[in-house]
Amino acid sequence: MILEMKHIKKSFDDLEVLKDINIGIKPGEIISIIGPSGSGKSTLLRCATGLETQDSGEIVYEDGAKFGLVFQNFNLFPHMSVLQNVMDAPVQVMKKDKETAKAEAMKWLDKMGLADRADAYPCQLSGGMQQRVAIARALAKDPDILFFDEPTSALDPELTGEVLKVIKSLADLHIAMVIVTHEMAFAKDISDEVIFMEKGVIVDRGTPDELFASDNPRTQEFLGRYNNI
Amino acid sequence: MTFATMLSTMSEGMLRTIGIFVITLVGSLPLGFVMYFMKKSKIKPISVITKVFIEIMRGTPLMLQLLVWYFGPYYLFGWGIGNWRFGAICVGFVLNYAAYFAEIYRGGIESIPRGQYEAAQILGYTKNQTFIRIILPQVVKIILPSITNEVITLVKDTSLAFTLAYQEVFSLAQQLSASQTSFMPFVIAGVFYFVANYLVSIGMTKVESAFDYYD
């Protein structure tokens with residue numbers, strides 16, 4: 001296991017957001033977490049990445065495993081160019097030399113289809129492009145596991161597709177991915193396992209085929225809301 | 001007295017005014033940072049004292065503060081104040097402006113979204129790296145217009161040194177006007193302040209435009 005989350009509990013004041021969550025992620029595995037707003041999906045990612053501290057339970061990474069996080073709102077650094085956004089952490093944090101970091105950053109930007117926008121600033125790009133820069137920035141730290149916190153929720157519908165497409169293109173890199181998403185077709189298509197969370201508990205889980213054909217009434221009800229659209 | 005003589009008499013005052021201006025900026029811009037961090041300190045007495053101090057600096061007239069810094073040591077401790085005039089002016093101006101700058105810095109720093117800190121944390125930046133590489137450059141851009149306002153106010157506020165009978169350009173203008181029964185010294189002083197602020201304005205616009213490369 002590259003990451004094991006055991007018995008994770010987390011409350012904000014009186015509100016129990018996570019109630020005894022257990023998830024293990026194998027190297028290269030792709031897990032989608034679906035569920036209604038307020039079900040604790042994002043909080044789980046924030047605990048896994050250290051942005052929040054769980055009240056109890058254990059989060060264990062394999063030795064030396066590195067993680068990255070792609071935010072809903074991108075959180076690019078507005079004062080840095082696209083290229084600087086991607087190569088700054090490798091240079092400043094990982095102490096890579098500038099030429100190496102630049103070459104690698106350009107490789108990731110190319111994979112994201114943004115090599116020609118390397119000198120642009122985030123404010124000059126569409127939301128979809130900004131999110132692809134953010135993905136390149138996360139990849140530049142050579143993560144073993146990459147978390148996506150609703151990566152397309154802040155995007156206009158017509159920009160969602162381009163971001164989902166590049167996330168899908170990462171599957172052959174054998175980086176484990178945990179994706180919180182409301183894009184059901186995407187989750188079904190890309191995942192090894194789909195987890196359905198509601199009110200802080202894992203209600204249902206399985207392969208996409210199992211989960212999307214689940215006879216659990218709550219799963220059916222949740223998925224039904226999407227099918228009606 | 002000819003216009004040329006007036007001008008040369010007042011030019012010494014102009015130099016003193018510029019002196020107050022430069023010393024105040026050089027002292028208060030960094031000290032404002034120190035005050036901001038003291039106010040944010042986790043050590044309660046430091047943060048409370050700093051907070052009260054900033055409120056007093058901003059809540060009372062600078063003219064009054066200058067008098068307190070000048071005469072305070074004598075009334076409180078019985079110290080002689082013979083050579084303390086310029087010292088009191090420097091202390092008064094630097095502390096007062098530092099308090100304003102501390103609040104401007106606070107406003108700027110607090111306006112940076114939390115997501116910037118979170119992104120930096122995830123990418124592995126240390127706290128210092130985050131502040132220096134991510135937060136500070138964005139803060140500078142945000143606060144520059146407020147800083148410009150303060151600097152322009154400072155140019156005019158230097159005339160408050162007149163309260164302590166310091167011979168800067170405003171004091172000299174008044175003395176000359178009285179002794180020469182002429183209006184000209186006030187015109188000279190007015191033009192001096194205006195030109196000084198015009199230069200400040202041009203300079204700050206240049207600095208601000210250096211940060212125009214992003215929104």
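Values reported hereafter were calculated over all heavy atoms of this structure, with side chains retained and with hydrogens, waters and symmetry mates removed. Given the structure is predicted, the values throughout are model-derived calculations rather than measurements. In what follows, every chain begins at residue 1, and chains take the letters A, B, ... in the order their sequences are listed.
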* To do: Tell me the residues of residues 155-173 of chain B whose non-hydrogen atoms fall below 4.5 Å from those of chain A, in number order.
  =>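 Against chain A, none of the residues of residues 155-173 of chain B fall inside the cut-off of heavy atoms under 4.5 Å.
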
* Asked: Can you name the residues of residues 41-76 of chain B that have some heavy atom under 4.5 Å away from a heavy atom in chain A?
  ->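 Within residues 41-76 of chain B, no residue comes under 4.5 Å from chain A.
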
* Who passes side chain to side chain donor-acceptor pair (under 3.5 Å) against B/R106, sequence neighbours left out? -> B/E103, B/E110

* Checking heavy atoms, do the side chain of A/M94, its backbone, both or neither come under 4.5 Å from chain B? -> neither

* Measure the CG-CZ distance between B/L123 and A/F77 for me, rounded to the nearest 0.5 Å. =>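 Between B/L123 CG and A/F77 CZ, I get 5.5 Å after rounding to 0.5 Å.
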
* Structure fact -> Rounded to the nearest 0.5 angstrom, the CD1-CZ distance for B/I122 and A/F147 is 8.5 Å

* Asked: Does atom CZ of B/F194 have more than 12 heavy-atom neighbours, drawn from other residues, nucleotides or ligands, at distances under 6.0 Å?
  -> no

Between chain B and chain A, donor-acceptor distances below 3.5 angstrom:
{"residue": "B/G115", "atom": "O", "partner": "A/N75", "partner atom": "ND2", "Å": "3.4"}
{"residue": "B/Q116", "atom": "NE2", "partner": "A/L76", "partner atom": "O", "Å": "2.8"}
{"residue": "B/E118", "atom": "OE1", "partner": "A/R46", "partner atom": "NH1", "Å": "3.1"}
{"residue": "B/E118", "atom": "OE2", "partner": "A/R46", "partner atom": "NH1", "Å": "3.2"}
{"residue": "B/E118", "atom": "OE2", "partner": "A/R46", "partner atom": "NH2", "Å": "2.6"}
{"residue": "B/Q121", "atom": "NE2", "partner": "A/G50", "partner atom": "O", "Å": "3.2"}
{"residue": "B/L123", "atom": "O", "partner": "A/K141", "partner atom": "NZ", "Å": "2.5"}
{"residue": "B/Y125", "atom": "OH", "partner": "A/D88", "partner atom": "OD2", "Å": "2.6"}
{"residue": "B/Y125", "atom": "OH", "partner": "A/A89", "partner atom": "N", "Å": "3.3"}
{"residue": "B/Q129", "atom": "NE2", "partner": "A/Q92", "partner atom": "O", "Å": "3.1"}
{"residue": "B/R133", "atom": "O", "partner": "A/H79", "partner atom": "NE2", "Å": "2.8"}
{"residue": "B/R133", "atom": "NE", "partner": "A/D88", "partner atom": "OD1", "Å": "3.3"}
{"residue": "B/R133", "atom": "NE", "partner": "A/D88", "partner atom": "OD2", "Å": "3.0"}
{"residue": "B/R133", "atom": "NH2", "partner": "A/D88", "partner atom": "OD1", "Å": "2.6"}
{"residue": "B/Y213", "atom": "OH", "partner": "A/H79", "partner atom": "O", "Å": "3.2"}

* Asked: Highest number of heavy-atom pairs under 4.5 Å with chain B: which of A/A89, A/P78, A/P90, A/G50?
  ->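 Heavy-atom pair counts peak at A/P78.
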
